[in-house]
**Q** 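Handing you this structure, nothing more for now.
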Amino acid sequence: MAQRTVLIVLFEDVQSLDVTGPMEVFTGAGHFARAVGDEYRVRTASLDGGPVRSSSRLTLVPDFSLAEAPGPHTLLVPGGSGTRHPDPALIAWLREHGPRAERLVSVCTGAELLAEAGLLDGRRATTHWAYCESLARRHPKVTVEPDPIYVRDGNVATSAGVTAGIDLSLALVEEDLGREAALTVARHLVVFLRRPGNQAQFSAQLSAQTARREPLREVQHWITEHPGEDLSVDALAARARLSPRHFARAFQAETGTTPGRYVERVRVEHARRLLEDTADGVEEISRACGYGTPEAMRRAFLKSLGTAPAEYRRRFHPAS
């Protein structure tokens, strides 16, 4: 029977969900794997083998000290406030043992620990959206991608905050054991299997600030609910009862983005949902999302996602 050890590193003020989310995925997959002649062994380890307190004050008791831990197939480093001032001994251990793992994984700000150990140099990576800027500033040799929920670069995989660690873990189970195993675990945990790695960490509505003034806030909501309507600056300004120039200036000042960029993100996001969740044709979706023509939607997808709508559907529609 093939055996893959998943070793999860524990430290003081770790984010408990960064630990337990992937642990539940791999443990659940282990039950499935045994039936097909494979197995996951999920283990935890802290520096000295002693219990640690999570950032929510939950006590976690490891299986081993890091010195005693078996060499893992997958080494997983969670995040949490404890990554801000890590123990130098932990960084030294990661620097020595990280390259020996067949697969190196981080969740949330666990990427900070990998970067501190030099394990992300020359690689693409992501982390929780709130810490992408500081990761890029502190580690200029790392190419930080702030949008995706997880990034794969060779045998190194990094993910955004908390639930993104579950998405990445499911993707790794699918890679190891096939789609049926990953789908079985996802159903058991009542989560989506097919949330793709290049999905944005948050929606267009959350990526922009909410406008303070009521007319602008109402326009934001109206854009989201009516992506197929005329969303030109003139039309939106009329809805806000402002001049086009005043509206554009006020919208950017209060939301941090231009009306055009906000509309573009809302339309791409809506089109992605329709491609993933419906059987509607590309032409019908392009009209419903305000593109007018499939070619206009294709250009928007290539610009935002680097892939055409038909290819996006092929990869992420469940029936594909």
Side-chain angles (χ1 to χ4, degrees), residues 5-30 40-98 101 103-120 125-132 134-135 138-139 142 144 149-151 156-170 172 189 191 201:
T5 298
V6 178
L7 180 64
I8 303 176
V9 177
L10 302 183
F11 48 87
E12 286 295 318
D13 290 319
V14 68
Q15 163 65 258
S16 58
L17 282 175
D18 290 359
V19 175
T20 58
M23 180 179 284
E24 292 292 344
V25 171
F26 287 113
T27 300
Y40 283 112
R41 294 177 69 245
V42 184
R43 298 292 184 263
T44 57
S46 66
L47 263 175
D48 60 2
V52 302
R53 281 286 188 95
S54 75
S55 55
S56 60
R57 314 321 297 157
L58 176 70
T59 298
L60 303 174
V61 181
D63 298 303
F64 311 101
S65 69
L66 286 175
E68 299 167 331
H73 171 276
T74 299
L75 177 61
L76 190 147
V77 181
S81 57
T83 63
R84 295 174 191 163
H85 304 287
D87 190 318
L90 175 58
I91 300 302
W93 187 91
L94 288 172
R95 186 178 295 116
E96 179 182 354
H97 294 269
R103 194 161 56 196
L104 192 56
V105 177
S106 71
V107 181
C108 196
T109 54
E112 290 276 2
L113 301 182
L114 296 187
E116 194 68 28
L119 299 172
L120 297 183
T126 193
T127 186
H128 188 289
W129 62 267
Y131 300 98
C132 283
S134 63
L135 178 64
R138 286 161 48 86
H139 303 282
V142 182
V144 179
I149 58 173
Y150 60 82
V151 170
V156 178
T158 53
S159 64
V162 187
T163 59
I166 295 176
D167 293 300
L168 175 54
S169 299
L170 285 168
L172 297 177
L189 297 178
V191 296
Q201 290 194 30

**Q** Quick one: side chain to side chain donor-acceptor pair (under 3.5 Å) partners of Ser56, sequence neighbours excluded?
**A**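 Per chain and number, Ser56 pairs via side chain to side chain donor-acceptor pair (under 3.5 Å) with Ser54.
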
**Q** Applying ring-ring contact (aromatic ring centres under 6.0 Å, His included), can you list everything that pairs with Phe26, at least two apart in sequence or on another chain?
**A**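 Counting only residues at least two positions away or on another chain, Phe26 forms a ring-ring contact (aromatic ring centres under 6.0 Å, His included) with Tyr40.
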
**Q** For Leu10 and Pro62, work out which heavy atoms get closest and say how close.
**A**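 Reported closest heavy-atom pair: CD1-CB, 3.9 Å.
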
**Q** Residues two or more places apart in sequence or in another chain: which of them pass side-chain contact (heavy atoms from CB on, under 4.5 Å) with Glu68?
**A**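 Testing Glu68 for side-chain contact (heavy atoms from CB on, under 4.5 Å), a comparison that skips the adjacent residues, returns Phe64, Ser65.
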
**Q** Identify the two heavy atoms, one from Val42 and one from Thr27, that lie closest to each other, and give their separation to 0.1 Å.
**A**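 Shortest heavy-atom separation between Val42 and Thr27 comes out as CG2-OG1, 3.7 Å.
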
**Q** Checking Arg53 now: which residues fulfil side chain to side chain donor-acceptor pair (under 3.5 Å) with it, not counting sequence neighbours?
**A**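 Here the qualifying residues are Thr59.
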
**Q** Could you tell me the separation between the CG atom of Leu66 and the OG1 atom of Thr44, rounded to the nearest 0.5 Å?
**A**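 Going from CG on Leu66 over to OG1 on Thr44, the span is 10.0 Å.
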
**Q** For residues 70-83, which side-chain donor-acceptor pairs fall under 3.5 Å, sequence neighbours excluded?
**A**
unit_1 : atom_1 : unit_2 : atom_2 : d
Thr74  : OG1    : Arg103 : NE     : 3.2
Thr74  : OG1    : Arg103 : NH2    : 3.1
Thr83  : OG1    : Gly80  : O      : 2.8
Thr83  : OG1    : Thr109 : OG1    : 3.2

**Q** Run the side-chain contact (heavy atoms from CB on, under 4.5 Å) test against Asp87 and tell me which residues pass, sequence neighbours left out.
**A**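 side-chain contact (heavy atoms from CB on, under 4.5 Å) list for Asp87, sorted by chain: Leu47, Ala89, Leu90.
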
**Q** Using 0.5 Å steps for rounding, measure from the OG atom of Ser106 to the CG atom of Leu119.
**A**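 One finds 10.0 Å between OG of Ser106 and CG of Leu119.
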
**Q** Mind jotting down which residue pairs meet the side chain to side chain donor-acceptor pair (under 3.5 Å) criterion with at least one end in residues 11-22? Sequence neighbours excluded, please.
**A**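 Passing the test, one end in residues 11-22: Asp13-Arg57.
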
**Q** Within a strict 4.5 Å, meaning less than it, do heavy atoms of the Tyr131 and Arg84 side chains meet?
**A**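 In short, these two side chains touch, coming nearer than 4.5 Å.
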
**Q** Considering non-hydrogen atoms only, spot the tightest contact between Thr126 and Ala160 and give its length.
**A**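 Distance-wise, the nearest heavy atoms are CG2-N, 4.0 Å.
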
**Q** Distance check, rounded to the nearest 0.5 Å: Leu168 atom CG versus Thr158 atom OG1?
**A**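 Result: 8.0 Å between the selected atoms.
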
**Q** With rounding to the nearest 0.5 angstrom, report the CZ to CG distance, Arg41 to Asp63.
**A**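 It is 9.0 Å, given to the nearest 0.5 Å.
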
**Q** Quick check: does any side chain N or O of Thr127 sit under 3.5 Å from a backbone N or O of Cys132, one acting as donor and the other as acceptor?
**A**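 Not confirmed, Thr127 side chain does not pair with Cys132 backbone.
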
**Q** Could you tell me how the ring of Trp93 sits relative to the ring of His97: parallel (under 30°), tilted (30 to 60°) or perpendicular (over 60°)?
**A**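 The arrangement is parallel - the two ring planes meet at less than 30°.
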
**Q** Which residues satisfy the side-chain contact (heavy atoms from CB on, under 4.5 Å) test with His139, sequence neighbours excluded?
**A**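 Counting only residues at least two positions away or on another chain, His139 forms a side-chain contact (heavy atoms from CB on, under 4.5 Å) with Glu112, Ala115, Glu116, Leu135, Val142.
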
